[in-house]
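Reading through the structure tokens given below for one structure.
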Amino acid sequence: MELVFVSHNPHKIEEISEILGQGFSLKGLGDLPCHEDIPEPHETLEDNALEKARYVNRKFGVDCFADDTGLEVEALDGLPGVHSARYAGEAKDSEANIEKLLKNLEGEENRKARFRTVIALILNGREYLFEEVVNGTIARQKAGTKGFGYDPVFVPNGYQTTFAQMPLHEKNRISHRGRAIQKLAAFLKSLPGT
Ligand code: IMP
């Protein structure tokens, strides 16, 4: 089965290819080729993921899927959520995002947070949504150098370390995105003829 993942990020494409395994030919936006930055203008992860998938499906006529992820912090009423990448501004600067987050949580005892990933799939003209979360807490200071984004301050429940202190394979096994992709893969593999 040929599928396009609506992403310019070769690391994400490779990671997902590996989870999907044999029987799937996964292409990225660069392979179409599509070099545009596809907008994410909406206030929910679901709407953004669907919009990205619909855009590529309409423009290129291909089966495809898109993802959107946010960090939802309970004491901040779910922020930064859909605004996670640009929490501290348009520069998408992870250091600045973390600084802003820690400042906004100063003196706050409730550190509960979750990462949530939504995947929108368009296959043979039908739309499907998949969602996974990983629950955890926001640490009081940064720890670790692996990963990206908010990894240095996110401690998943059941662990003493942040995502940024974990080997990548361990993070992928338990993470929001890793598990959402596994859900998508299980669905695709359950289809007749795959
Ligand atoms: P995206 O939808 O995957 O581009 O994620 C949006 C933003 O959420 C990213 O720019 C990061 O700030 C944050 N984010 C998403 N996934 C992760 C993760 O696995 N670890 C840390 N931060 C993440």
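Read the numbers this way: they start at 1 and go in the same order the structure lists the ligands and their atoms.
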Consider every N or O of Lys171 and every N or O of ligand 1, then say whether any pair is closer than 3.5 Å.
yes

Identify whether the distance between the nearest side-chain nitrogen and carboxylate oxygen of Arg140 and Glu109 falls below 4.0 Å.
yes

In this structure, atom 23 (C) of ligand 1 is nearest to the protein heavy atom Phe115 CE2, 3.5 Å

Check each atom of ligand 1 against the heavy atoms of Arg177 and keep those under 4.0 Å away; list them by number with element.
3 (O), 16 (N), 17 (C), 18 (C), 19 (O)

Between Asp93 and Tyr87, do the side chains contain a donor N or O and an acceptor N or O under 3.5 Å apart?
no

Residue, atom and distance of the protein heavy atom nearest atom 20 (N) of ligand 1 read Asp151 OD1, 2.6 Å

Considering only NZ, NE, NH1 and NH2 on the basic side and carboxylate oxygens on the acidic side, decide whether Lys12 and Glu15 come within less than 4.0 Å.
no

Judged by heavy atoms only, the candidate from Pro152, Gly178, Ala85 nearest atom 7 (C) of ligand 1 is Ala85

Under 4.0 Å, heavy atoms only, figure out whether ligand 1 is touched by the backbone of Lys12, its side chain, both or neither.
side chain

Is a side-chain donor-acceptor pair under 3.5 Å present for Ser175 with Asn172?
no

Counting heavy atoms under 4.0 Å, the part of Tyr87 that contacts ligand 1 is neither

With atoms numbered from 1 as shown, which atoms in ligand 1 lie under 4.0 angstrom from a non-hydrogen atom of His176?
16 (N), 17 (C), 18 (C), 19 (O)

Would you check whether Phe163 reaches within less than 4.0 Å of ligand 1, judged by its heavy atoms?
no

Just wondering, do Asp67 and Val118 contact through their side chains at under 4.5 Å, heavy atoms?
no

What protein heavy atom sits nearest atom 17 (C) of ligand 1, and how far away is it?
Phe148 CZ, 3.4 Å

Check the pair Leu50, Tyr55 against side chain to side chain contact (heavy atoms under 4.5 Å, CB included), reporting the backbone distance first and the verdict last.
CA-CA 8 Å; Leu50 271 171; Tyr55 180 91; over 6 Å; no

With no hydrogens and no angle check, do the side chains of His176 and Glu131 hold a donor and an acceptor under 3.5 Å apart?
no

Within 6.0 Å of NZ in Lys112, more than 12 heavy atoms from elsewhere
no

With a distance cut-off below 6.0 Å to the six-membered ring centre and an angular limit of 45° from the axis, does Lys171 pair with Phe163 as a cation-pi contact?
yes

Could you name the option among Thr117, Thr69, Val153 that has the heavy atom nearest to atom 6 (C) of ligand 1?
Thr69

Only heavy atoms of Gly149, strictly under 4.0 Å: list the atoms of ligand 1 that pass.
21 (C), 22 (N)

Within a distance under 4.0 Å of any heavy atom of Asp68, pick out the atoms of ligand 1 and give their elements.
2 (O)

Counting distance only, does the side-chain N/O of Thr117 pair as donor-acceptor with the main-chain N or O of Glu132 below 3.5 Å?
no

Which residue and non-hydrogen atom of the protein lie closest to atom 8 (O) of ligand 1, and at what distance in Å?
Ser84 CB, 3.5 Å

Which protein heavy atom lies closest to atom 22 (N) of ligand 1, and at what distance to 0.1 Å?
Tyr150 N, 3.1 Å

